Amino acid sequence: MAGIKATDLQYVLNTTPMNTYFQAFGLDTTFLDLMGGLQPGPARIQIPLHYAGNATAGSFAESADLKTAGTQARRVFTLPYKRVYATFGVDGLQEAIAKAGGVVNITDLVQAEALGSIRDILDEINTQMLSDGTGNSAADIDGILYHIDDDNTWCSVARSGTSYTQAYMSGNAGTDRDLSEDLMRGVHNVLVNTRKSNYTHILTSYTVADAYEALMGDRLRLVNVPVGDLTVQGLAFKGRPVLTIPGFETNSMCFIKKGDWSAYFLPQVSLDSYGRQIQGPFKVEPYYAGTDDSTFIVVAYVQLVCKNPWQQAGLVDVQ
């Protein structure tokens, strides 16, 4: 096995921008980019939710008796980090050939493989964050479909008994119906008028986006939307961008308030062989395979967090 240290490789992964190179298959992190990428999170994810205000607030007449003191209603929810990983290895001879200049544009094959593995991990994180968290026996990240629900268990609490944890859901008992302005307007009105949510984005699949584009016809409007380091064009509804997210649930739209969402990682701190300390999302451990390969495991602890499900909504069973 080659002599590169895992801590040195971890330093590289958490400090080196990923280079652009040609690849024959597509990776996509659009949703993760919209969330602002992975952000350092706390040691324990705790979500304080203020679910009821002081009911004594109001007007009073001259000399009127005032009510007894009121209180606010708050509750703290917890959400565990989830584990993602990738393993990679480089044959000792091929690594030596690369260092000798025998591989085009690559002198450190281990580092190149590591950076490529990070791209794959980020793609997997993005994919899991579009799901409901039930994959791999619930080891997957609790994705957007987990948070935008009204009848599952959220942060270990049944939503059926806690209405303030329920997102607003407009469905049709599993039977798809044609997308319409009335359906979208109904969700909008509940969020804005009833739940006082200044939601910011509508996320959907290519299929439903095509249906919305056909529905609006010559009334279709476009808006510029920041997504990560890019500005992309999105469709518009009630002044909000309708964004197409690759891999999104086919028959649904999610109405979200972006400021309520975060994609957290648990920071990994390490020292390399030069004594340099680095903090980042990735931990690297050597995997001793008993061969001439340089083999490593890259691990990240991540989670998607929604701080206020009540102000989000889902429009499902549409086509």
Side-chain angles (χ1 to χ4, degrees), residues 26-41 45-47 49 77-86 118-159 165-171 174 187 199-209 227-228 242-266 281 299-318:
L27 300 179
D28 182 85
T29 55
T30 301
F31 179 76
L32 185 57
D33 294 340
L34 179 65
M35 295 293 103
L38 290 175
Q39 306 165 38
I45 300 174
Q46 296 182 314
I47 306 170
L49 198 59
F77 296 85
T78 60
L79 194 64
Y81 284 97
K82 296 298 182 77
R83 305 168 179 87
V84 295
Y85 82 104
I118 294 305
R119 292 175 66 93
D120 292 320
I121 286 179
L122 292 175
D123 180 66
E124 177 63 20
I125 289 171
N126 184 87
T127 298
Q128 290 189 24
M129 285 186 175
L130 296 177
S131 70
D132 61 4
T134 60
N136 193 22
S137 300
D140 280 1
I141 297 165
D142 297 317
I144 187 171
L145 300 183
Y146 166 84
H147 293 286
I148 297 188
D149 203 330
D150 62 353
D151 195 33
N152 64 348
T153 297
W154 184 74
C155 297
S156 302
V157 175
R159 297 203 211 219
T165 67
Q166 298 173 357
Y168 175 69
M169 295 296 293
S170 174
V187 175
Y199 74 95
T200 58
H201 295 72
I202 302 172
L203 311 182
T204 192
S205 66
Y206 281 103
T207 302
V208 178
V227 177
V242 180
L243 280 181
T244 302
I245 305 294
F248 204 80
E249 183 77 4
T250 302
N251 63 342
S252 64
M253 285 181 148
C254 288
F255 295 59
I256 70 166
K257 185 178 178 182
K258 183 175 174 290
D260 288 338
W261 297 79
S262 297
Y264 281 153
F265 71 84
L266 182 62
V299 174
Y301 306 118
V302 298
Q303 185 59 287
L304 180 66
V305 177
C306 177
K307 301 169 186 174
N308 190 0
W310 175 259
Q311 295 206 332
Q312 328 298 320
L315 173 60
V316 299
D317 304 328
V318 290

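Please read all numbers here as calculations on a predicted model, not as lab measurements. In what follows, every heavy atom counts, from backbone to side chain, and hydrogens, waters and symmetry copies are set aside.
- In this structure the side chain of Pro40 reaches within 4.5 angstrom of the side chain of Phe265, judged on heavy atoms.
- Listed by chain and number, the residues in a side-chain hydrogen bond (donor to acceptor under 3.5 Å, both in side chains) with Ser131 amount to none (sequence neighbours excluded).
- In this structure Asn152 satisfies the side-chain hydrogen bond (donor to acceptor under 3.5 Å, both in side chains) test together with Arg159, sequence neighbours excluded.
- Tyr168 is linked by a side-chain hydrogen bond (donor to acceptor under 3.5 Å, both in side chains) to nothing, counting only residues two or more places apart in sequence or in another chain.
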Please evaluate residues Gln312 and Tyr199 with respect to the criterion side-chain contact (heavy atoms from CB on, under 4.5 Å), reporting the C-alpha separation (whole Å), side-chain torsions for both, the decisive distance (0.1 Å), and the verdict.
CA-CA 7 Å; Gln312 328 298 320; Tyr199 74 95; 5.9 Å; no
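- Atoms CG and CZ, on Leu203 and Phe31 in that order, are 6.5 Å from each other to the nearest 0.5 Å.
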Walk me through whether Met169 and Ile148 qualify under side-chain contact (heavy atoms from CB on, under 4.5 Å).
CA-CA 8 Å; Met169 295 296 293; Ile148 297 188; 3.9 Å; yes
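- Separating the CD1 atom in Ile45 from the OH atom in Tyr81 is a distance of 4.5 Å, to the nearest 0.5 Å.
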Just do the side-chain contact (heavy atoms from CB on, under 4.5 Å) check on Leu122 and Leu38 with the steps written out, would you?
CA-CA 9 Å; Leu122 292 175; Leu38 290 175; 3.8 Å; yes
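- Every pair passing salt bridge (charged side-chain N to carboxylate O under 4.0 Å, His left out) that includes a residue from residues 124-149 is listed here, sequence neighbours excluded: Lys82-Asp142.
- Counted within 6.0 Å of CZ on Phe77, heavy atoms from surrounding residues, nucleotides or ligands total more than 12; the atom is thus considered enclosed.
- Minimum interatomic distance between Leu32 and Ala263 (heavy atoms only, all atoms of both residues): CD1-CB, 3.7 Å.
- Between the side chain of Gln128 and the backbone N or O of Ile141, at least one donor-acceptor pair lies under 3.5 Å.
- The line from OG1 of Thr29 to CG of Asp123 is 7.5 Å long, rounded to the nearest 0.5 Å.
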In a table with atom names and distances, give each donor-acceptor pair under 3.5 Å that connects a side chain of residues 250-258 to protein atoms at least two apart or in another chain.
{"unit_1": "Asn251", "atom_1": "ND2", "unit_2": "Asp176", "atom_2": "OD1", "d": "3.2"}
{"unit_1": "Ser252", "atom_1": "OG", "unit_2": "Glu249", "atom_2": "O", "d": "3.2"}
{"unit_1": "Lys257", "atom_1": "NZ", "unit_2": "Gln311", "atom_2": "OE1", "d": "3.0"}
{"unit_1": "Lys258", "atom_1": "NZ", "unit_2": "Leu34", "atom_2": "O", "d": "3.3"}

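- For Asp33 against Val227, the heavy-atom pair with the smallest separation is CB-CG1, 3.9 Å.
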Could you walk me through whether Trp154 and Ile47 satisfy the side-chain contact (heavy atoms from CB on, under 4.5 Å) test, starting with their C-alpha distance in whole Å, then the side-chain angles of each, then the deciding distance to 0.1 Å, before giving a yes or no?
CA-CA 11 Å; Trp154 184 74; Ile47 306 170; 4.0 Å; yes
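- Not one N or O on the side chain of His147 forms a donor-acceptor pair closer than 3.5 Å with the backbone of Trp261.
- Listed by chain and number, the residues in a side-chain hydrogen bond (donor to acceptor under 3.5 Å, both in side chains) with Trp310 amount to none (sequence neighbours excluded).
- In this structure, Pro246 and Thr244 approach most closely via the heavy-atom pair CD-O, 3.7 Å.
- Summarising the geometry, atom CG belonging to Leu49 is positioned 12.0 Å from atom NZ belonging to Lys307; distances are rounded to the nearest 0.5 Å.
- Going from atom CG of Asn308 over to atom OG1 of Thr165 covers 10.5 Å, rounded to the nearest 0.5 Å.
- When every heavy atom of Val187 is checked against every heavy atom of Ala313, the shortest pair comes out as CG1-CB, 3.6 Å.
- For the pair Leu79 and Tyr264, the minimum side-chain heavy-atom distance is 4.5 Å or more.
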